[in-house]
Protein chains: 2
Amino acid sequence: MTATPTPRVTIKDVAARAGVSKGAVSLAFNHKPGLSDATRDRIFRAAHELGWAPSLTARTLAGSRVDVVGLAVCRPARVLGLEPWYMEFVSGVQSVLAEHSSSLLLRLVRNMDEEVGVQEAWWRARQIGGSILVDFRADDPRAAMTQRLGMPAVAVGHPSLTGGLTSVWTDDATAVTEAVRYLAALGHRRIARVGGAADLGHTAIRTAAFDQAAGTLALAGAWQVGTDFSGDAGARATRSLLTAARADRPTAILYDNDIMAVAGLSVAAEMGLRVPEDVSLLAWDDSQLCRLTHPTLSAMSHDVHGFGADVARTLFSVIAGGEGGSHPVPTPVLMPRGSTAPPR
Amino acid sequence: MTATPTPRVTIKDVAARAGVSKGAVSLAFNHKPGLSDATRDRIFRAAHELGWAPSLTARTLAGSRVDVVGLAVCRPARVLGLEPWYMEFVSGVQSVLAEHSSSLLLRLVRNMDEEVGVQEAWWRARQIGGSILVDFRADDPRAAMTQRLGMPAVAVGHPSLTGGLTSVWTDDATAVTEAVRYLAALGHRRIARVGGAADLGHTAIRTAAFDQAAGTLALAGAWQVGTDFSGDAGARATRSLLTAARADRPTAILYDNDIMAVAGLSVAAEMGLRVPEDVSLLAWDDSQLCRLTHPTLSAMSHDVHGFGADVARTLFSVIAGGEGGSHPVPTPVLMPRGSTAPPR
DNA sequence: GCCTCTTACTGGACCGGTTAAGGGAGTGCG
DNA sequence: CGCACTCCCTTAACCGGTCCAGTAAGAGGC
């Protein structure tokens, strides 16, 4: 079926049908004062009969405010698809966008250069009114870009990473510390962490926090491995951690997301190790996935949906010219389940 | 940090700096004939120096073509986040959109009414140039809506579901048949299927195909259970299938996505059944998840990324006024792994 | 009855591009 | 030399809204 080129109805048609000027229609549809109720009714009726709604494009051009928010995500699709985090985050963002009847422009990019290019093109082309920036790295160019363009933006990440941008963040350092202390309290003295991509800022924060906690607790062994967040990498890391001689092997492993923890679980099974008797596993992010495994996965849990909503709210306030600053959201909390127990 | 209201540079500034009229700038940026190379160069240089790019908003208003594609997805966020399918699909769509330098407007909706509302609002407000429609149901209102609005659209789903819309689809019936025949060939005589949401068109197609295959092969037992695609539901379904007396219990289960198969795997473990010795499991969609479990999951596999790309290409051809029609893409193929074997 | 103040609405400039029509300079040809 | 024909560029209308200045009509006050 080919699309029929519909004769598009405009504000002029509505005005004509209601017997008013187009200015009046504009007033009515923006709920501004200066019209009698009778006229208002007539206008809405006419619009409804003609099936008209104001063109956002024209409205944007005239009013110079854009009701679209950008989000560029820079991770390989095969990793992204498996990370429940993003969809939950997006869903939280949308819940707030919907209230403001604005929309999300989503783009998957392959690297930072591409992301910077996309953000800049969006902004230059007046496609977005502001942007959500995720996955900050060391020397991230996006804070500078944002400032240079004068583009409203909210950064997801610890203020130390986001170069002065308004940011929303979870206190990963405290959460890592809590995780390690929990495992230590269970009696684990040799603990490993399978971390995310090393160039990601929040990975560095967690890595540092893990080191510090291991030192404070004087653990007998503390390993950290970097990955790309993919299940494959999580499996490889787990395999290499668990193939060590028994006495040298971690008895507990902390993962940076839940997909790697799932992979770790099956590596343990494949190696004939029982979870949690032989090795305890602790996930991060706590999507539903953690409750679908056997045993269920203990996890550092937080409300990703709510987090997304907070980010969107903050972005709107920045767009409105409100104060920026730093907005911490609740620290992930430990959700103990079946994959953690005292070591044998 | 508050956004500084940058004095936005427009085509006029570029024209002034290059010493030409804005019409000339427009010609240059649309690669249209009628300018000398020298002038063209001067214009591009001026634009570059000022950091100008044409406003898509203004361009759309004037040219009445919109470079944005809509996608509204109607599944609960907690299910969505876990379904690698969507992100892979989106990534495929984007790979084609990027070539046309257009963008994806994404919206998560809660029900069909909301989706219809969103699509209609997008179109009326000239926010999108066309839309991708997924998850067709019985009596789906979207074909009618699309026709009524004259909105270019591509439907993802079998032509029997999509009411005459241009559609791109996989031959699920054949794939289900192949899956059942494979399990039967292994020697399974009691086979179950844990299906998706019953009101989804492709679920119905698979259900019918399963029934037919079961009949043709004269299976001793064939069960089908409907779910909402969530891991929880998959676990419940599996549990209820496997708690039957041994002689009445399926020896193989086919799942409609991979997350439910993962859940099924852990239910089997929890019940002390070994996979594949006691029960064979066969997943659908074959994301990386299927290779992260122990045992790895056999699956009906297809190229979701490529599928998304095909859909996007088809949409562009529809927007360009090209012929619609029905575009089948390759049928999912069986990828045997560790979760299927002859019954004991 | 005249002046002021509201209220309700109109007219038109404007946002930042595209595009068709038009115009001036240079070249080829009879 | 005059005419037609290109080539290159300008002019101005237009897309579909917003918004502000202006106006007409009615109400209220003295």
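In the text below, chain A, chain B and the rest are named by the order of the sequence lines, each starting its count at 1.
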*Using whole Å, report how far NE2 of His31(B) lies from P of dT19(C).*
14 Å

*Quickly work out the Asp67(B) CG to dT18(C) C1' distance and round it to whole Å.*
14 Å

*Identify whether any heavy atom of Val25(A) sits under 4.0 Å from a base atom; if not, whether one sits that close to sugar-phosphate; answer base, sugar-phosphate or nothing.*
nothing

*Output yes when at least one side-chain N/O atom of Trp52(B) is less than 4.0 Å from OP1 or OP2 of dG17(C), else no.*
yes

*When you get a sec, tell me which of dC15(D), dT10(D), dC15(C) is the closest nucleotide to the side chain of Ala62(B)?*
dC15(D)

*Starting at CZ of Arg124(A) and ending at P of dG16(C), how long is that distance when rounded to a whole Å?*
15 Å

*Whole angstrom is fine here: how far is it from CZ in Arg126(B) over to P in dG16(D)?*
7 Å

*Might you work through the side-chain contact (heavy atoms from CB on, under 4.5 Å) test for Asn30(A) and Arg59(A), ending with a clear yes or no?*
CA-CA 11 Å; Asn30(A) 291 296; Arg59(A) 192 176 253 184; 3.3 Å; yes

*More 5' along DNA chain C: Thr39(A) or Lys22(A), using each one's nearest nucleotide?*
Thr39(A)

*Anything under 30° is parallel, anything over 60° is perpendicular, the rest tilted; go ahead and classify Trp169(A) against His158(A).*
perpendicular

*Using a cut-off of strictly less than 4.0 Å, decide whether Ser21(B) has a side-chain nitrogen or oxygen near OP1 or OP2 of dT10(D).*
yes

*Counting side-chain heavy atoms from C-beta on, which of dT10(D), dG17(C), dT18(C) comes nearest to Asn30(B)?*
dT18(C)

*In whole Å, what is the span from the CZ atom of Arg59(A) to the P atom of dG16(C)?*
18 Å

*asked:* What is the separation between atom NZ on Lys12(B) and atom P on dG17(C), rounded to the nearest whole Å?
replied: 10 Å

_Tell me the interatomic distance from Phe29(B), atom CZ, to dT18(C), atom P, rounded to whole angstroms._
10 Å

*asked:* Can you identify which nucleotide, out of dG17(D), dC15(D), dT18(C), has its nearest atom closest to the Ser55(A) side chain?
replied: dG17(D)

*From the options dG17(C), dT10(D), dT18(D), select the nucleotide whose nearest atom is closest to the side chain of Ala58(B).*
dG17(C)

*Within residues 97-116 of chain A or reaching into it, pairs that qualify as ring-ring contact (aromatic ring centres under 6.0 Å, His included) - sequence neighbours excluded*: His100(A)-Phe316(A)

*asked:* Strictly below 4.0 Å: does Ser36(B) bring a side-chain N or O up to OP1 or OP2 of dC7(D)?
replied: no

*Quick one: ring-ring contact (aromatic ring centres under 6.0 Å, His included) pairs with a partner in residues 128-154 of chain A, sequence neighbours left out?*
none

*Pick the nucleotide of DNA chain D nearest each of Thr57(A) and Gly34(B); which residue has the one closer to the 5' end?*
Gly34(B)

*Take atom CD1 of Ile11(B) and atom P of dC15(D), then tell me their distance rounded to the nearest Å.*
18 Å

_Toward the 5' end of DNA chain D, by each residue's nearest nucleotide, Pro54(A) or Gly19(B)_ = Gly19(B)

*Phe29(A) and Phe44(A) aromatic ring geometry - parallel, tilted or perpendicular at 30°/60° bounds*: tilted

